[in-house]
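Numbers restart at 1 for each chain; the letters A, B, ... are given by sequence-line order, proteins then strands.
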Number of protein chains: 2
Amino acid sequence: MRLVDRTVKNCYAGQMARPRQFDEEQVIRAVRDQFWDAGYAATSLEDLVRVSGLGKGSLYGAFGDKHRLFLRALREYTDTSGGYLREMLTSAPRALDALRAFVMAPVNDPGGAAARRGCLMANSTYELATSDPDVLAEARRTYEATTALVAESVGRAQDEGDLPRDVDPVGTARALLAAQQGLVFMGRTGLDIDTLTATAGTLAAKLLPDA
Amino acid sequence: MRLVDRTVKNCYAGQMARPRQFDEEQVIRAVRDQFWDAGYAATSLEDLVRVSGLGKGSLYGAFGDKHRLFLRALREYTDTSGGYLREMLTSAPRALDALRAFVMAPVNDPGGAAARRGCLMANSTYELATSDPDVLAEARRTYEATTALVAESVGRAQDEGDLPRDVDPVGTARALLAAQQGLVFMGRTGLDIDTLTATAGTLAAKLLPDA
DNA sequence: CGCATGGTGGACCGAACGATCCATAATCAG
DNA sequence: CTGATTATGGATCGTTCGGTCCACCATGCG
């Protein structure tokens, strides 16, 4: 009989005879990129073994089954993206410029590679949200967090006199997020980067007037 | 040796001893709904047999393999949607109202069921566009056709004096399409229909000023 | 009315999947 | 150095998948 749950790391009191021979975060990032490029269903365990450099047993021992590993990779993505977003929104001298950069983010890539790859959270939402409650919950969580962050910057832009006082920060944030995700979608259809950039500029100009 | 290609319907000169016992279009619509609800990978042949009411052999004999059947269902969807769109855009007395209805289309549903279901073409693009050239081609085709239709209405709204003359119809059409697809995405995250409707209204107001 | 045609769908197949298992080897405590 | 411990990953399992096949029979013609 198995006395320890090997799917949970180091939760027992025994000695640690052999430490991990791989960087957990590095593996998660590799796995995340694989799911990002191919999607969940189209990624086989063989793919995960290949990109991680680990064996099946090690993968299961360290992270649990495919579904848990995916959720872990998805969480890594949303945490990293959320961090970038927060930094982008807070570091800009003027909030209005930060909001413009937020809308333009999907095309902020020289070759448009990021635009074609899309957003892992959006990809996962479209593929799994209807059948996987965990993914749906993560999508809602990310959506709400992003809306709150953007709304905060909208308020700051109002304080700085770059946006009129009578607009609703949260409503504006939702509209900006919708516009950004619409651009992500158009990027996934293979629309060329120049046209995509022009469309992003149009949306930013209409949704964020200088008045 | 098989002398006739049974995957192609009635392309031979022999007699027609037994006519089809099912309505081809009806089967395609049922299959389309299944793919719409569950996605491509998550739909098994067993599911297709169940919703179509046909046996595996009949399904393969009439439509070919799963991939061809999916493309057929996808084409049915884009044709039907394109027809609705064309009618919606041309039947409205004023083109500006039609454009507003276009942006609000994802939330034009009492319970928000359509919003949660999303758009089959968008779902398919996110799930398959990176790996399936046929789906990517269909996505581009649909995107370009939609852009052209909307741009035509933008031009008509200009002629009717509802939109300023100096805006680019095609660029505006792309921005409207991006906004609409952004709303579709937010619907897929499970956002409640009231908030979604408000966001749609905000986007329509910003992108389609009365000036 | 009987025969030839071909639509029908359940049985069946090989392949690939996710998941589990266990012999091996690497590691650290004593 | 020795033994206890556990990370490791190739072998293997049962399941499910998409796809094929063929015995059956409904059908329309002569």
Could you please spell out the steps behind the ring-ring contact (aromatic ring centres under 6.0 Å, His included) verdict for B:F35 and B:F70?
CA-CA 8 Å; B:F35 281 127; B:F70 174 74; 4.9 Å; yes
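Proximity of a side-chain donor or acceptor of A:K66 to a complementary backbone N or O of A:Y40 within less than 3.5 Å is detected.
Shown for residues 27-34 of chain B: no residue has heavy atoms falling under 4.0 angstrom of DNA chain C.
The 12-atom threshold is not exceeded at OH of A:Y84, counting heavy atoms of other residues, nucleotides or ligands nearer than 6.0 Å. Atom CZ of B:R50 has more than 12 heavy atoms from other residues, nucleotides or ligands within 6.0 Å. Around the CD atom of B:E152, the shell of radius 6.0 Å holds no more than 12 heavy atoms that belong to other residues, nucleotides or ligands.
Of the residues B:T199, B:T197, B:D192, the one that meets the side-chain hydrogen bond (donor to acceptor under 3.5 Å, both in side chains) test with B:T195 is B:D192.
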Can you check nucleotides 14-19 of chain D for protein contacts, nitrogen or oxygen pairs under 3.5 Å, and list what you find?
unit_1	atom_1	unit_2	atom_2	d
D:dG18	OP1	B:T43	O	3.3
D:dG18	OP1	B:K66	NZ	2.6
D:dG18	OP2	B:L45	N	2.8
D:dG19	OP2	B:Y60	OH	2.7
D:dG19	OP2	B:K66	N	3.1
D:dG19	O5'	B:Y60	OH	3.2
D:dG19	O6	B:K56	NZ	2.4

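Within 4.0 Å (heavy atoms only), A:L54 reaches sugar-phosphate atoms of the nucleic acid but no base atom.
Residue B:F63 contributes atom CZ, which lies 13 Å from atom C1' of C:dG7 at whole-angstrom precision.
Dashed line: the shortest gap from a side-chain N or O of A:S58 to OP1 or OP2 of D:dA7 is not under 4.0 Å.
In this view, A:T78 and A:R75, A:M121, A:E138, A:R141, A:T142 satisfy the side-chain contact (heavy atoms from CB on, under 4.5 Å) rule, not counting sequence neighbours.
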